Amino acid sequence: MEQGQYDSAFDRIHTAFHGYLRKILDNKRVTYEESDTLSQLYTKLHTEVSENIGSNEIAELVKKSLRSASGVIAAINEMRNRHSLSHPNDDLLKKREAEFAIKLIKDMSDYINDII
């Protein structure tokens, strides 16, 4: 990424995010299956994270945003499986799209770290 090669780094970032979600769930003692997808792990984590947000109007909007982020997670997972070097794919992510997906993962991770 330091060299601007986000398209090459995307698969590794996806794998790191998958491991990151597992580690947080382990720390919170939330059970999951080894076969759980990125989306399944995020859904389990979302429930835990939501408890730390609060209950005022702004907090409810943040919770709604986090629930909506599950669609982002699903899209990132599909990008990795169908458009990265993780599998033999012909139509690969370009630098701009890979950088965008990596930044989304970073922003979600940063927020989760702040509230857990």
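Quick caveat, the model's predicted, so the values are computed rather than measured. The figures that follow rest on heavy atoms only: side chains count, while hydrogens, waters and symmetry mates do not.
A distance of 6.0 Å separates OG of Ser55 from NZ of Lys63, quoted to the nearest 0.5 Å. Between the NZ atom of Lys23 and the CG atom of Leu41 there is a distance of 14.5 Å, given to the nearest 0.5 Å. The structure places CD1 of Ile53 at 10.0 Å from CD of Glu51, a figure rounded to the nearest 0.5 Å. Once rounded to the nearest 0.5 Å, the distance linking NZ of Lys44 with OG1 of Thr31 reads 6.0 Å. Atom CD1 in Ile116 sits 4.0 Å away from atom CD1 in Ile24 (nearest 0.5 Å). Between atom OH of residue Tyr111 and atom CG of residue Leu66 there is a gap of 6.0 Å, rounded to the nearest 0.5 Å.
Counting only distance, with no hydrogens or angles, the side chain of Arg22 and the backbone of Glu34 share a donor-acceptor pair below 3.5 Å. In this structure, Tyr42 contributes its side chain and Ile73 its backbone to no donor-acceptor pair below 3.5 Å. Although no hydrogens or angles enter the test, the distance criterion places no donor-acceptor pair under 3.5 Å between the side chain of Glu99 and the main chain of Arg96. Checked by atom type and distance alone, the side chain of Asn52 pairs as donor or acceptor with a backbone atom of Ile115 at under 3.5 Å. Under the 3.5 Å distance criterion, the side-chain polar atoms of Asp36 are matched with a main-chain donor or acceptor of Glu33.
Contact detail for Ala101 and Ile76: the closest heavy-atom pair is O-CD1, 4.0 Å. Considering all non-hydrogen atoms of both residues, Asn56 and Ile58 come closest at OD1-N, 3.1 Å. For the residue pair Ser109 and Tyr20, the shortest heavy atom distance occurs at O-OH, 3.1 Å. When all heavy atoms of Asp11 and Arg80 are compared, the pair lying nearest together is OD1-NE, 2.8 Å.
Ring-plane geometry between His14 and His18 is classed as perpendicular, the angle between the planes exceeding 60 degrees on a 0 to 90 degree scale with a lower cut at 30.
Counting non-hydrogen atoms of neighbouring residues, nucleotides and ligands closer than 6.0 angstrom, the CZ atom of Arg82 reaches no more than 12 such neighbours.
Applying the salt bridge (Lys or Arg N to Asp or Glu O under 4.0 Å) criterion to Lys28, with sequence neighbours excluded, gives no partner residue. Residues that satisfy the salt bridge (Lys or Arg N to Asp or Glu O under 4.0 Å) test with Asp91, not counting sequence neighbours, are absent from this structure.
In this structure, Asp110 pairs ionically with Lys106, as a charged nitrogen and a carboxylate oxygen lie closer than 4.0 Å.
Residues Leu25 and Leu45 are in side-chain contact: their nearest non-hydrogen atoms beyond the backbone lie under 4.5 Å apart.
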